[in-house]
There are 2 protein chains.
Amino acid sequence: MNFDLSSLRQKFRERDYKLTPQRQIILQVFIDNRGKHLSAEDVHNIVRQQSSDIGLATVYRTLELLSELDVLQKMDFGDGRSRYELNENTSPHHHHHLICLTCGKVIEFADDLLEDLENMIAKNSNFTIIDHQVKFYGYCQECRNKSEV
Amino acid sequence: MNFDLSSLRQKFRERDYKLTPQRQIILQVFIDNRGKHLSAEDVHNIVRQQSSDIGLATVYRTLELLSELDVLQKMDFGDGRSRYELNENTSPHHHHHLICLTCGKVIEFADDLLEDLENMIAKNSNFTIIDHQVKFYGYCQECRNKSEV
DNA sequence: TTCACTGCAAATTCTTTGCACCCAA
DNA sequence: TTGGGTGCAAAGAATTTGCAGTGAA
């Protein structure tokens, strides 16, 4: 579960990227905030609170870079901004839409039955699954309580 | 699978909304384009091609309204714009993040085993699941072939 | 010296809002 | 006549980009 800084350095080196102080600081923010889903602005604010200051544009550029390197996972919760999280390379997958990372094509997928059948899905659709995203929308207890007033 | 126009009318009436010509036209666009994931701009363009013209702002307002009424489902494929699709009220659900529609809070959820256990998830987390979204990221055959060059 | 990187400000892109006008109930 | 709807243009918000300056190899 730890970040192998040296292997990360290598990843950078391979692509002629540099592990600059700004990038390290931003990476550290994610290490210090596991489980949170930070937006670019969140990261920017956290960095500022820690004395250091990094341009917002640099934050955006770094988040994109780290996502490309699979260090971060970009996600969207429908609140109008992208959020990022350390990619801990966790667990299984699910289904629904097959979205091609290269051309953006969205392939509809029948539906349900599966779970571990992900592999079968992949085969049938000739789609190499790299990552998945599952989201539930609903109401948390807190909000339900409030609305009972 | 058909849209019960009259029940829709009722839905509108109940909330003192009006099923205006513009709204009907936009709804028709989705009926004519099942399975596609249209952005506001897509809808706007399609409408224009059909002679009629509707202000882009009205398109946005209508998409929001129809989503509220569960006629459309708003989705995000990470391409920087919201996309919409007829909500055919399909099937089961899955899991991962519990996102509160009211406060936006994101509740982490353990992981995997389930599928039909969604109900249990709901119970354990005290979260009322209204909707879910599942996405796979990967590469389609076409793109894999191209990259083999 | 070079080339990736940075910060800042301007520019883009998607979406929302303010406001005057319109129309069906 | 009233209140929801609409269009247009302006405003907002998130993100990207242009560009000059910086620093490590």
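So that the names make sense, note that chain A is the first sequence line, chain B the second, and so on, each numbered from 1. All of these numbers come straight from a predicted model, not from anything done at the bench.
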- [ ] Mind checking B:Asp53 for me? I need base, sugar-phosphate or nothing, with any heavy atom below 4.0 Å counting as a touch.
- [x] sugar-phosphate

Task: Nearest to side-chain heavy atoms of A:Lys18, which nucleotide of D:dG23, D:dA9, D:dG5 - done: D:dG23

- [ ] Write down the distance between CD (A:Glu64) and C1' (C:dT6), rounded to a whole number of angstrom.
- [x] 15 Å

TODO: Return the 5'-most residue of the pair B:Gly80, A:Arg61 with respect to DNA chain C, ranking by each residue's nearest nucleotide.
DONE: A:Arg61

- [ ] Would you indicate whether the side-chain heavy atoms of A:Gln73 and A:Leu86 approach each other to under 4.5 Å?
- [x] no

- [ ] Measure the distance from CZ on A:Arg81 to P on C:dT13 and round it to the nearest whole Å.
- [x] 21 Å

Task: A:Gln22 side chain, from C-beta outward: closest of C:dT6, D:dG5, D:dA9 - done: C:dT6

Open item on the list: In this structure, how many angstroms lie between the P atom of D:dG4 and the CG atom of B:Leu65, rounded?
Closed with: 13 Å

- [ ] With side-chain hydrogen bond (donor to acceptor under 3.5 Å, both in side chains) as the test, would you mind laying out the steps for A:Asn45 and A:Gln49 before giving the verdict?
- [x] CA-CA 6 Å; A:Asn45 288 334; A:Gln49 285 172 11; over 6 Å; no

Task: Gap between atoms CG and P, on B:Asp16 and D:dG5 respectively (whole Å) - done: 9 Å

Task: Touch class at under 4.0 angstrom, heavy-atom based, for B:Ser82 against every strand present - done: sugar-phosphate

Open item on the list: Could you check whether A:Asp42 pairs with A:Arg83 (Lys NZ or Arg NE/NH1/NH2 to Asp/Glu carboxylate O, under 4.0 Å)?
Closed with: yes

TODO: Kindly compute the distance separating CG (B:Leu72) from CG (B:Leu65), expressed to the nearest 0.5 Å.
DONE: 9.0 Å

- [ ] Measure from CZ on B:Arg9 to P on D:dG4 and round the result to the nearest Å.
- [x] 20 Å

TODO: To the nearest Å, give me how far apart CG (A:Leu19) and P (D:dG23) are.
DONE: 18 Å

- [ ] Select one nucleotide: of C:dT15, C:dC5, D:dG5, the one nearest the side-chain heavy atoms of B:Ala40.
- [x] C:dT15

Open item on the list: Counting only side-chain heavy atoms from C-beta out, which of C:dG7, D:dT15, C:dT17 sits nearest to A:Tyr60?
Closed with: D:dT15

Open item on the list: Within the 4.5 Å heavy-atom criterion, are B:Phe30 and B:Val43 side-chain neighbours or not?
Closed with: yes

Open item on the list: Can you measure A:Asn45 atom CG to D:dA14 atom P for me and round it to whole angstrom units?
Closed with: 11 Å

- [ ] Can you figure out which of C:dG7, C:dC5, C:dT17 approaches the side chain of A:Thr58 most closely?
- [x] C:dG7

TODO: Round to a whole Å and report the spacing from CG of A:Leu56 to P of C:dA10.
DONE: 15 Å

